[in-house]
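Just so we're on the same page: letters track the sequence lines, and every chain starts at 1. Given the structure is predicted, the values throughout are model-derived calculations rather than measurements.
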There are 2 protein chains.
Amino acid sequence: MSGATLPTPAFSPLYQQIKGLILQSLQQGEWRPGEAIPSEMDLAARFRVSQGTVRKAIDELAAENLVVRRQGKGTFVATHAEQHVQYRFLKLLPDSGDVREEGPAQRRVLDCRRGRATADVARALALRSGDPVIQARRILAFAGVPTILEDIWLPGHAFKGLTAEHMASYQGPTYAMFELEYGVRMVRAEEKLRAVLPDADQAALLEVTTATPLLSVERIAYTYNDVPMELRRGLYRTDTHHYRNELS
Amino acid sequence: MSGATLPTPAFSPLYQQIKGLILQSLQQGEWRPGEAIPSEMDLAARFRVSQGTVRKAIDELAAENLVVRRQGKGTFVATHAEQHVQYRFLKLLPDSGDVREEGPAQRRVLDCRRGRATADVARALALRSGDPVIQARRILAFAGVPTILEDIWLPGHAFKGLTAEHMASYQGPTYAMFELEYGVRMVRAEEKLRAVLPDADQAALLEVTTATPLLSVERIAYTYNDVPMELRRGLYRTDTHHYRNELS
DNA sequence: GAGTGGTCTAGACCACGCG
DNA sequence: GCGTGGTCTAGACCACTCA
């Protein structure tokens, strides 16, 4: 517009700005997870734009799984609880393909303690070495067979007071508890996969030998604005399960 | 439309029907990979609908990576060749994260022969046991280090005359060659990952011991209409590389 | 039947690429 | 300057949900 000589005029479409405003409201908790956000018409009036512009903004939020549209009912803040798909971020499936067969996972929390971030944990969580973190270790079993061993690191400042009892008692996805108890909503994640051999401890916990290859899954989960809020190192047994991925 | 008493009236929005028609043209090769498809206005005129309806149809095709939009230039049929991202389906990255550092993969084709589908290969490719297939084996090396060992199965009827020389001589992604030489466009894929130990042959080819855990990646690649056209079993070394995945 | 998201249209204008 | 895709609007109508 101004004819400035800047290399990037930073043109931003209206709907992107609206999307930003809605995102801000989501982030500030104006609407709780699972609740409906205002109708498209209401939002259009609030932001003084047409319904179509709001629609396009919400379309993108829905594509990013931040929000869920339900025709005839409204648009709802996405939640890890009571979502059709339990364990949204877990891609390990039984080889049979039928998740119902094996039923829900049995969880056993082995440990949950306060500590200080090591260099690599600090890097993953965008903290400084020595910052307080909470570390937990647990096992997930399917049909009685221990299948996943997970070590979890959380920034201490955001999860004050988290205890093993907390993690053990809550039914449903851990990420749902994070939403309810700490107001932390995991929005996306990145995983790095490797094939590894377990050490003696890990092997014992998963009831395999130290010669059994396991799938190592390092996950960093992010909340809004790409802020990392969890580091999770998982060891998956892949003798009866596999990690499934879709490419397009 | 007909007011039938079917349980599913099969209501289909106009833009979905338009999408189907465009898909059909893509499939029949009316526009070649890399070429531009007609402008939105042209397509709107051709199908007697508004530009907005065509736009929504193309939006979905673009979201599925079947087509690429370029503002000011047009909409182009997606191709595995000369795409910004080489190896669209390969998620293995060097731990450094910098793909340029290691340069392009060195490829060595070990084998390429005609054969008959075993039961499991037939199931994956929706063939019958004993149907003709082409089987190939090759190694990809990065910076001189053999890193990926792949066995590839292709339905014989669609890839007549494919030879080892073919596979070795072509520069660039194999999927690009499939497009150019056989008119087969891989559109999406599913992968199953496991941690395994190699047998003696595999270990020797990858220059590791039989005690080295490897990432097993079984991929089924599909062309249009979810028709499977390739089964690929890969063994990935994950000592210097990792499989990267994004979740949302 | 009222309210919500979903579709479809027509038209105006903007940003981009290229000759 | 023209043609392309990209944005924005306003309005009509459809499909779904629920009281």
Side-chain angles (χ1 to χ4, degrees), chain A residues 1-22 31 34-78 82 84, chain B residues 1-22 31 34-78 82 84:
Chain A
M1 290 297 184
S2 58
T5 57
L6 290 170
T8 354
F11 161 76
S12 174
L14 228 197
Y15 78 87
Q16 286 285 5
Q17 301 174 37
I18 303 301
K19 180 185 170 189
L21 292 172
I22 298 175
W31 316 297
E35 280 183 11
I37 72 174
S39 75
E40 296 179 350
M41 290 304 259
D42 287 354
L43 289 171
R46 166 162 160 185
F47 298 128
R48 311 300 206 82
V49 297
S50 76
Q51 187 200 7
T53 301
V54 169
R55 170 160 273 275
K56 183 140 190 186
I58 295 180
D59 277 347
E60 293 210 347
L61 293 172
E64 294 167 26
N65 292 313
L66 296 178
V67 118
V68 177
R69 324 188 74 137
R70 274 179 250 171
Q71 184 173 158
K73 300 184 69 173
T75 302
F76 299 78
V77 182
E82 64 175 312
H84 301 124
Chain B
M1 287 303 184
S2 59
T5 57
L6 290 169
T8 354
F11 162 75
S12 174
L14 229 197
Y15 77 88
Q16 286 285 5
Q17 302 174 36
I18 303 300
K19 180 185 170 188
L21 292 172
I22 298 176
W31 317 296
E35 279 183 13
I37 72 174
S39 75
E40 296 179 351
M41 290 304 260
D42 287 355
L43 289 171
R46 167 162 159 185
F47 298 127
R48 310 298 206 86
V49 297
S50 76
Q51 188 199 4
T53 301
V54 170
R55 169 159 274 276
K56 183 141 189 186
I58 295 181
D59 277 346
E60 293 209 348
L61 294 171
E64 293 167 26
N65 292 313
L66 296 178
V67 117
V68 177
R69 322 188 75 137
R70 272 178 249 171
Q71 182 172 161
K73 300 184 70 174
T75 302
F76 299 79
V77 182
E82 65 175 314
H84 300 123

Distance-only check: which donor-acceptor pairs under 3.5 Å involve side-chain atoms of residues 13-22 of chain A, not counting sequence neighbours?
unit_1   : atom_1 : unit_2   : atom_2 : d
Gln17(A) : NE2    : Ser12(A) : O      : 2.9
Lys19(A) : NZ     : Glu60(A) : OE1    : 3.0
Lys19(A) : NZ     : Glu64(A) : OE2    : 2.7

With sequence neighbours excluded, residues passing side-chain hydrogen bond (donor to acceptor under 3.5 Å, both in side chains) with Thr53(B): Ser50(B)
Assign a letter to each nucleotide of nucleotides 5-13 of chain C from its 5' end: B, base within under 4.0 Å of a protein heavy atom; S, sugar-phosphate only; -, no contact. BBBSBS---
Just to verify, what does Asp59(B) make a salt bridge (charged side-chain N to carboxylate O under 4.0 Å, His left out) with, not counting sequence neighbours? Arg69(B)
Are Ile58(B) and Ile37(B) close enough that some pair of their side-chain heavy atoms sits under 4.5 Å apart? yes
Among residues two or more places apart or on two chains, list those pairs meeting salt bridge (Lys or Arg N to Asp or Glu O under 4.0 Å) that have a residue in residues 48-58 of chain B. Glu40(B)-Arg55(B)
